[in-house]
Amino acid sequence: MQLDETDRALLARLAENARAPVATLARQLGLARTTVQARIDRLEASGAIAGYTLRPGPQARPPIRATALVAIEPRSGPAVLARLKSLPGVERVHTTSGRVDLIVQIAAQTTEELDATLDRIGEARGVHSSESLIHLATKLDRAP
């Protein structure tokens with residue numbers, strides 16, 4: 001499915017507030033309410049909108065966040081990924097190119113909890129090395 005300018009504008013408005021009433025979106029975009037509803041339905045059906053979710057604010061998020069840069073042994077990706085999926089503090093795992101193979105985003109309530117999660121990552125069979133970076137302050141966050 002090809003997205004046009006109106007689809008992109010609608011997606012941008014929904015990214016700002018996924019709970020915005022269709023009538024409000026229509027008014028902001030200068031379109032009929034039925035047109036906006038039809039576009040939302042089409043975007044959902046095509047997979048351009050995969051779903052709607054809650055984005056916790058700072059008060060509801062774990063206070064400690066970190067990124068682990070993980071290098072793994074050849075052909076150990078599935079086993080390492082299975083181990084990472086089993087760790088509740090692991091929020092996201094990205095594959096990457098470069099000196100590391102995985103970027104692992106971690107959240108924890110305490111430094112002890114973070115330390116334990118990092119230990120579990122380092123102990124995983126197939127992990128060659130890891131380096132952790134604790135997030136100090138968020139200066140920009142455009143994630144929907």
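Cluster annotation: Val127 and Val93 are assigned to the same hydrophobic cluster (Ile/Leu/Val/Met/Phe/Trp/Tyr, side-chain heavy-atom contacts under 4.5 Å, transitive). Hydrophobic clustering (side-chain heavy atoms under 4.5 Å, transitive across Ile, Leu, Val, Met, Phe, Trp, Tyr) groups Val104 together with Ile134. Connection of Leu87 to Val70 is established within a shared hydrophobic cluster, with ILVMFWY side chains joined at heavy-atom distances below 4.5 Å, either directly or through further cluster members. Note on Val90: it does not cluster hydrophobically with Ile103, by side-chain heavy-atom contacts below 4.5 Å among ILVMFWY residues.
Thr67 is not listed as a side-chain neighbour of Ile106, based on a closest heavy-atom distance of 4.5 Å or more. With contacts defined as side-chain heavy-atom distances shorter than 4.5 Å, the pair Thr95/Asp101 does not qualify. Residues Glu91 and Arg65 form a side-chain contact, since some pair of their non-hydrogen atoms from C-beta on lies under 4.5 Å apart. Using a 4.5 Å cut-off on side-chain heavy atoms (C-beta onward), Arg125 and Glu73 make no contact.
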Would you give me the side-chain donor-acceptor pairs under 3.5 Å for residues 40-48, sequence neighbours excluded?
| from | atom 1 | to | atom 2 | distance (Å) |
| --- | --- | --- | --- | --- |
| Asp41 | OD1 | Gln37 | NE2 | 2.9 |
| Arg42 | NH2 | Asp7 | OD1 | 2.8 |
| Arg42 | NH2 | Asp7 | OD2 | 3.2 |
| Glu44 | OE2 | Tyr52 | OH | 2.8 |
| Ser46 | OG | Arg42 | O | 3.3 |
| Ser46 | OG | Leu43 | O | 3.1 |
| Ser46 | OG | Ala48 | N | 3.3 |

Please tabulate, for side-chain N and O atoms in residues 11-32, each donor-acceptor pair with protein atoms closer than 3.5 Å (sequence neighbours left out).
| from | atom 1 | to | atom 2 | distance (Å) |
| --- | --- | --- | --- | --- |
| Asn17 | OD1 | Arg19 | N | 2.9 |
| Asn17 | OD1 | Ala20 | N | 3.4 |

Can you give the donor-acceptor pairs under 3.5 Å from side chains of residues 111-122 to other protein atoms, not counting sequence neighbours?
| from | atom 1 | to | atom 2 | distance (Å) |
| --- | --- | --- | --- | --- |
| Glu113 | OE1 | Gln109 | N | 3.4 |
| Glu113 | OE2 | Gln109 | N | 3.4 |
| Thr117 | OG1 | Glu113 | O | 3.1 |
| Arg120 | NE | Glu123 | OE1 | 3.1 |
| Arg120 | NH1 | Ala116 | O | 3.4 |
| Arg120 | NH2 | Glu123 | OE2 | 3.2 |

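The distance from the CD1 atom of Ile72 to the CG atom of Leu81 is 9.0 Å, given to the nearest 0.5 Å. Note that NE2 of His135 and CG of Leu133 are 7.0 Å apart. Values are rounded to the nearest 0.5 Å.
Ser86 approaches Pro88 most closely through the heavy-atom pair O-CD, 3.4 Å. In plain terms, the two heavy atoms of Ser76 and Gly126 that are nearest each other are OG-O, 3.3 Å. Of all non-hydrogen atoms in Pro62 and Ala107, the two that sit nearest each other are CG-CB, 3.7 Å.
Within a 6.0 Å sphere centred on CZ of Arg33, other residues, nucleotides and ligands contribute 12 heavy atoms or fewer.
Looking at Thr35, Val36, Leu3, Asp4 one by one, the single match for side-chain contact (heavy atoms from CB on, under 4.5 Å) with Leu10 turns out to be Val36.
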